[in-house]
Every structure is written in C-alpha cells, then in structure tokens.
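Here's the structure, in structure tokens; my notes come after.
For the single chain, residues carry numbers from 1 onward in sequence order. FYI, side chains are in, hydrogens and waters are out, and symmetry mates aren't considered; it's all heavy atoms of this structure.
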Amino acid sequence: MTIRPYQSELMAGIDAAWASGARRVAAVMATGGGKTHVFSHIAGRHHPTLVIAHRTELIDQAVAKLRKVNPGAEVGRMQGAVKQWRADIVVGSVQTCSRPAALRMLAARRWGLVIVDEVHHVSAPSYQNVLKEIGCFRSDGPLFLGVTATLDRADGLS
C-alpha cells in the first residue's frame with residue numbers, strides 16, 4: 001500500500017524519536033490523514049504489537065488495515081469473549097484489556113510495541129492500569145506510540 005510523503009515523514013520522525021532514546025511517542029495527524037495506515041506499517045516491524053482502542057469502529061478499522069498492510073502477520077483481537085492474545089499483532093478494546101483475566105494474559109507477554117489509538121484518552125485509569133501492567137512505564141518496557149488528531153484534552157490532564 002502506498003505511503004504518502006507526509007505519512008513517510010511522520011514515520012521517520014517516530015523512528016528518529018525512538019532512535020534518540022525516547023520510549024513513548026505521541027503522533028498527531030489530522031482526521032483522515034491516515035493514522036491507522038501509518039501505525040499499521042510501524043506495527044509490522046515490532047512484533048509482538050498490541051494496539052488498544054476504545055470503540056469497536058476503531059478496532060474493526062485497525063484489524064482490517066493491519067491485515068492489509070501486513071498480510072504475513074497473524075492479527076488477533078481482544079474484545080469481549082474473543083481473546084486472541086498470542087497473535088503477532090493484537091488489537092484490543094481497553095474495556096476488555098483492562099479486565100483482570102485479560103490483563104493477566106497480556107502481561108504474560110513481552111510486547112515489542114504498544115499503540116494507543118486516540119491517545120488523548122490514555123490518562124483514564126483503565127488505560128493507565130493496562131500500560132502499567134504490561135510494562136510501558138519501565139525503562140526496558142515496550143516502545144509506545146500514541147496517535148490522535150486531538151492531543152489536547154478539555155479537562156487539562158496530561
């Protein structure tokens with residue numbers, strides 16, 4: 001799938017931030033700019049990858065795009081009763097991932113990359129708990145990429 005120049009520039013910036021030692025990176029791109037396309041390409045390079053979102057629409061979109069961009073990778077879901085946590089790339093709802101049984105499954109793996117779609121929601125306790133349990137706040141934890149079109153929060157939380 002074709003990557004547009006501005007998407008390539010964003011990917012290069014993310015890679016440069018990680019190469020300089022940053023572990024947690026936020027990427028902002030306007031609605032319709034192809035955030036899912038960008039993170040699908042990045043996810044293919046960092047197995048295993050966990051993608052977390054808060055709505056079924058975003059999860060469905062991510063699963064479809066990840067499969068299209070990474071045809072050789074197994075893409076699984078963590079949503080409701082579906083627990084495909086051993087796939088190369090796992091797309092999960094924060095609601096499911098934050099439940100104790102699902103969180104134990106996810107914490108049992110050493111993730112290469114964690115992506116949060118609509119990262120401006122990440123200050124919520126459910127996200128914070130998942131990220132803590134899977135090691136995102138440790139210096140040796142997985143790389144982290146948050147994507148959004150609206151990084152600012154109305155409530156002022158960082």
Ignoring hydrogens, what is the shortest heavy-atom contact between [X] and [Y]? Give both atom names and the distance.
X	Y	value
M105	K83	SD-CB, 4.1 Å
A53	I59	CB-CG1, 4.0 Å
A87	V90	O-CG2, 3.8 Å
I3	S8	CG2-N, 3.5 Å
Q7	G34	NE2-CA, 3.5 Å
L66	A43	CD2-CB, 3.8 Å

By side chain to side chain donor-acceptor pair (under 3.5 Å) - contacts of S126 (at least two apart):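 Partners of S126 by the side chain to side chain donor-acceptor pair (under 3.5 Å) criterion come out as none, since no residue qualifies.
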Non-neighbouring partners of T96 that pass side chain to side chain donor-acceptor pair (under 3.5 Å), sequence neighbours left out: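 Partners of T96 by the side chain to side chain donor-acceptor pair (under 3.5 Å) criterion, ordered by chain and then number, come out as S93.
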Gap separating the OG1 atom of T36 from the CD atom of Q61, nearest 0.5 angstrom: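 Answer for the OG1-CD pair, T36 versus Q61, is 4.0 Å.
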CG on L50 to CD1 on I52, rounded to 0.5 Å: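 It comes to 4.5 Å.
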Got a sec, which residues hit side-chain contact (heavy atoms from CB on, under 4.5 Å) with [X], two or more places apart in sequence or on another chain?
X	answer
A107	none
A149	T31, K35
A73	H47, N70, D88, I89
Y6	R4, M29

Pairs meeting criterion ring-ring contact (aromatic ring centres under 6.0 Å, His included) with involvement of residues 51-85, two or more places apart: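 ring-ring contact (aromatic ring centres under 6.0 Å, His included) check on residues 51-85 returns H54-H121.
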Contact list for residues 9-42, test ring-ring contact (aromatic ring centres under 6.0 Å, His included), sequence neighbours left out: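 Non-adjacent pairs meeting ring-ring contact (aromatic ring centres under 6.0 Å, His included): W18-H46, H37-H41.
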I need the full list of salt bridge (Lys or Arg N to Asp or Glu O under 4.0 Å) pairs touching [range], with sequence neighbours left out, sorted by first then second residue.
range	result
residues 17-33	none
residues 42-64	D15-R45, R55-E57, D60-R77
residues 92-117	none

In residues 128-141, what donor-acceptor pairs under 3.5 Å come from side-chain atoms, sequence neighbours left out?
| from | atom 1 | to | atom 2 | distance (Å) |
| --- | --- | --- | --- | --- |
| Q128 | NE2 | V122 | O | 2.8 |
| R138 | NE | D140 | OD1 | 3.1 |

